[in-house]
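The basis for the numbers below is simple: all heavy atoms, side chains too, and nothing from hydrogens, waters or symmetry mates.
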Amino acid sequence: MIEQRRADGSLRHLITLETLRRDEIESLLLRSQHFARAIGERPPTGRSLQGVTIANLFTEPSTRTRVSFELAGRRLGAEVVNLEVQLSSRVKGESMLDTIFTLQALHFDVFVIRDAEPGVLAHVSSHVAAGVSVLSAGEAHLSHPTQGLLDALTIRQHKGSIEPLSIAIVGDIRHSRVARSAYQVLRILQAHEIRIVAPPALMPEAHEFVGCPRFETLERGLEGVDVIMMLRIQKERFAETAIPDGEEYFLRYGLTPARLARARPDAIVMHPQPMNRGIEIASDIADGPQSVIRSQVSNGVAVRMAVLETVASRLSS
Ligand code: ASP
């Protein structure tokens, strides 16, 4: 099991949400709400990370996550450095560690890492110096904890308590770290029902998503739900022959106005982005009144401010 806490019980790393307690999630969400602002309002700033140095190490592409971690750190007064890392794939864990040890010698305090290989984050977190924190910005298909938190925050802002809600996670669940982190946080927050809705080839293994009813058609899976979380088809993670191509996929599994009408009239629609418009979601839904996709993006900065502050404000000078 990944050890994410210090000896005094405080949160030091954030690699998975799976082992967090409800009170830890609640306090991260409360702090995130403190930093959250509606689109168009001036974002808050502070000095709680003054003197802290953060490295963003991304070995997979990212726009929103990298930029929002960067803004989050800067808005709290930290120094943030973005590093392009080219690692030898044969010994990735080791070569990531070499990079980390070099940066530790330059007195970096926090490493924000995105990597396509399962296990690299846990490996790094078990080798860094005592004062250093490691945060996941997305690990393979396994985990994307800050996305899970920003999704929970967005749902709360629009729907209030998560407990009475029926939430459908829809699409390429098999390859999605967003779906896994959403499942973990929503389960800890005791959502009434988490449905998983996917074509057979994109369903997760039977031992995953324990307790979630499974649906192979959107028509049935979306019936009466309060929240629809759409996912991108992660083409980079499998051979495309396993599922129908774009137009065909949209006809069978895309979120269209007729399918959305199966959900509750006040249901919200989410998507972590990047979106394949016209493949998993119709453009007029993505931009329509039930979409909260842009609030997810702005909440990303608020959540990352809360996480950075929680793990690193004690280092501030
Ligand atoms: N941006 C999200 C991720 O990094 C979702 C996606 O790429 O589809 O997992």
Side-chain angles (χ1 to χ4, degrees), residues 16-26 28-29 32 141-145 147-233 252-272 280-281 285 288-293 295-296 299 303:
T16 176
L17 296 176
E18 199 170 14
T19 51
L20 293 198
R21 294 186 312 267
R22 182 167 184 163
D23 63 291
E24 291 171 313
I25 303 262
E26 294 287 0
L28 284 167
L29 291 179
S32 302
H141 62 290
L142 287 178
S143 178
H144 196 348
Q147 177 77 41
L149 292 170
L150 76 89
D151 287 340
L153 180 67
T154 307
I155 295 173
R156 275 214 178 150
Q157 286 170 346
H158 289 87
K159 300 257 113 209
S161 167
I162 285 178
E163 283 185 23
L165 301 178
S166 277
I167 299 164
I169 307 178
V170 183
D172 185 1
I173 296 169
R174 191 179 186 89
H175 304 103
S176 175
R177 55 190 172 212
V178 174
R180 287 179 177 78
S181 287
Y183 165 68
Q184 290 162 0
V185 70
L186 294 172
R187 211 184 41 152
I188 295 167
L189 295 174
Q190 297 180 349
H192 169 65
E193 182 183 42
I194 308 167
R195 299 183 190 179
I196 58 173
V197 187
L202 301 179
M203 276 287 176
E205 302 282 333
H207 65 86
E208 291 191 283
F209 294 85
V210 175
C212 298
R214 296 180 176 221
F215 297 85
E216 289 181 3
T217 68
L218 266 73
E219 282 72 11
R220 289 188 50 238
L222 298 185
E223 205 68 64
V225 298
D226 303 282
V227 177
I228 304 173
M229 300 182 71
M230 299 303 296
L231 300 170
R232 180 175 69 90
I233 302 172
R252 286 163 63 182
Y253 305 108
L255 185 61
T256 58
R259 291 184 176 129
L260 176 57
R262 302 277 186 140
R264 286 176 57 94
D266 59 351
I268 55 169
V269 177
M270 308 173 73
H271 193 302
E280 68 248 357
I281 186 166
I285 295 179
Q290 287 170 267
S291 167
V292 298
I293 296 169
S295 342
Q296 287 175 273
N299 282 334
V303 159

Any chance you could measure Ser32, atom OG, to Leu153, atom CG, to the nearest 0.5 Å? 5.5 Å

Side chains of Thr256 and Leu218: does their closest heavy-atom pair fall under 4.5 Å? no

Okay, side chain of Lys159, backbone of Pro164: is any donor-acceptor separation there less than 3.5 Å? no

Applying side-chain hydrogen bond (donor to acceptor under 3.5 Å, both in side chains) to Glu223 and not counting sequence neighbours gives Arg262

Which atom names give the shortest non-hydrogen contact between Leu17 and Ile188, and what distance separates them? O-CD1, 3.3 Å

Does any pair with a residue in residues 160-172 pass salt bridge (Lys or Arg N to Asp or Glu O under 4.0 Å), and if so which ones, sequence neighbours excluded? Arg22-Glu163

Would you check if the side chain of Gln290 reaches a backbone N or O of Ala267 as a donor-acceptor pair within less than 3.5 Å? yes

At their closest point, which heavy atom of Ile196 faces which heavy atom of Pro204, and how far apart are they? CD1-CG, 3.7 Å

Can you list the residues that meet the side-chain hydrogen bond (donor to acceptor under 3.5 Å, both in side chains) rule with Gln296, with sequence neighbours excluded? Asp151

Met270 and side-chain contact (heavy atoms from CB on, under 4.5 Å): which partner among Ile155, Ile167, Ile228, Leu150? Ile155

Looking at residues at least two apart in the chain, or sitting in another chain, which of them share a side-chain contact (heavy atoms from CB on, under 4.5 Å) with His158? Thr154, Ile268, Val292, Ser295

Sole residue of Glu208, His141, Glu18 in side chain to side chain donor-acceptor pair (under 3.5 Å) with Arg180: Glu208

Are the side chain of Arg259 and the backbone of Gly254 linked by a donor-acceptor contact shorter than 3.5 Å? yes

Could you list all the ring pair (Phe, Tyr, Trp, His ring centres under 6.0 Å) pairs where at least one residue sits in residues 196-231, not counting sequence neighbours? Tyr183-Phe209

Using side-chain hydrogen bond (donor to acceptor under 3.5 Å, both in side chains) as the criterion, list what pairs up with Ser166, not counting sequence neighbours. Glu193

